[in-house]
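Positions are given from 1, in the same order as the sequence printed here.
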Amino acid sequence: QVQLVESGGGLVPAGGSLRLSCAASGRTFRHFAMGWFRQAPGMEREFVAAINFSGDSTYYADSVKGRFTISRDDAKNTVYLHMNSLKPEDTAVYYCAANQVVVLTTRYDYWGQGTQVTVSS
């Protein structure tokens, strides 16, 4: 089992920045690929970004490419999502997830509870 806890969400004006963190516990963090997803009200959960277990490959949704950066710190069992140039359409609950391999869908084995990000216009 892997337990995931997100933090760092909040209210930010358009054009602002936030850094989300996801702390992992349980099974060995460094063995897992990690992903960030988001879900806006009335919408399906969608892929945002992912990073492989070694941290040398990253993947992004087109909607966030160039604005968001995923990174991991295995010493801290933590994955981050750095979000810049935020837009109102980035408003959603953001979830981190863990899986044995990177996939760009919601088919991850372990999920956190989510953290709310609200971008005001």
Please list, chain by chain and in numerical order, all residues satisfying ring-ring contact (aromatic ring centres under 6.0 Å, His included) with F47, sequence neighbours excluded.
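F47 satisfies ring-ring contact (aromatic ring centres under 6.0 Å, His included) with F37 only.
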Show me the donor-acceptor pairs, under 3.5 Å and distance only, between side chains in residues 108-115 and residues at least two apart or in other chains.
from: Y108; atom 1: OH; to: V103; atom 2: O; distance (Å): 2.9
from: W111; atom 1: NE1; to: Y108; atom 2: O; distance (Å): 3.2
from: T115; atom 1: OG1; to: G9; atom 2: N; distance (Å): 3.2

Quick one: does [X]'s side chain get under 4.5 Å of [Y]'s, heavy atoms only?
X: D90; Y: M83; result: no
X: V102; Y: M34; result: no
X: L18; Y: F68; result: no

Over-ring placement of R72 relative to F29, 6.0 Å and 45° cut-offs
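Yes, a cation-pi geometry holds between R72 and F29.
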Quick one: list whatever passes side-chain hydrogen bond (donor to acceptor under 3.5 Å, both in side chains) with [X], sequence neighbours left out.
X: T28; result: none
X: T69; result: none
X: R30; result: none
X: E89; result: none

N84 and S17: side chain donor to acceptor below 3.5 Å
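Their side chains do contain a donor-acceptor pair, which is all the 3.5 Å distance test asks for.
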Point-to-point distance, once rounded to the nearest 0.5 Å, from OH of Y95 to CH2 of W36:
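One finds 12.0 Å between OH of Y95 and CH2 of W36.
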Separation between CD1 of I51 and CG of L81, rounded to the nearest 0.5 Å
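Going from the CD1 atom of I51 to the CG atom of L81 covers 10.5 Å.
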Where [X] and [Y] come nearest, the two heavy atoms and their spacing:
X: A24; Y: L4; result: CB-CD2, 3.6 Å
X: S121; Y: A14; result: CA-CB, 4.4 Å
X: A23; Y: T78; result: CA-OG1, 4.1 Å
X: V48; Y: Y94; result: CG2-CE2, 4.4 Å

SB check K76 D74 (cutoff 4.0 Å):
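Looking at K76 and D74, the cut-off is not met.
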Can you list every disulfide bond (SG atoms under 2.5 Å apart) pair that touches residues 77-121, not counting sequence neighbours?
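For residues 77-121: C22-C96.
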Would L20 and Y80 count as a side chain to side chain contact (heavy atoms under 4.5 Å, CB included) here? Give the steps.
CA-CA 6 Å; L20 304 184; Y80 302 99; over 6 Å; no
Cluster partners of F53, using ILVMFWY side-chain heavy atoms under 4.5 angstrom, listed by chain and number?
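None; F53 is a cluster of one.
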Starting from M43, walk the hydrophobic network (Ile, Leu, Val, Met, Phe, Trp, Tyr; side-chain heavy atoms closer than 4.5 Å) and list everyone else you reach, by chain and number.
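Besides M43, the hydrophobic cluster comprises nothing; the residue is isolated.
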Identify, with sequence neighbours excluded, every residue that meets side chain to side chain contact (heavy atoms under 4.5 Å, CB included) alongside S7.
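S7: side chain to side chain contact (heavy atoms under 4.5 Å, CB included) contacts with S21.
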Can you name the residues that form a side chain to side chain contact (heavy atoms under 4.5 Å, CB included) with T91, not counting sequence neighbours?
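For T91 the side chain to side chain contact (heavy atoms under 4.5 Å, CB included) partners, ignoring immediate neighbours, are Q116, T118, V119.
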Does any pair with a residue in residues 39-64 pass salt bridge (Lys or Arg N to Asp or Glu O under 4.0 Å), and if so which ones, sequence neighbours excluded?
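Salt bridge (Lys or Arg N to Asp or Glu O under 4.0 Å) check on residues 39-64 returns R38-E46, D62-K65.
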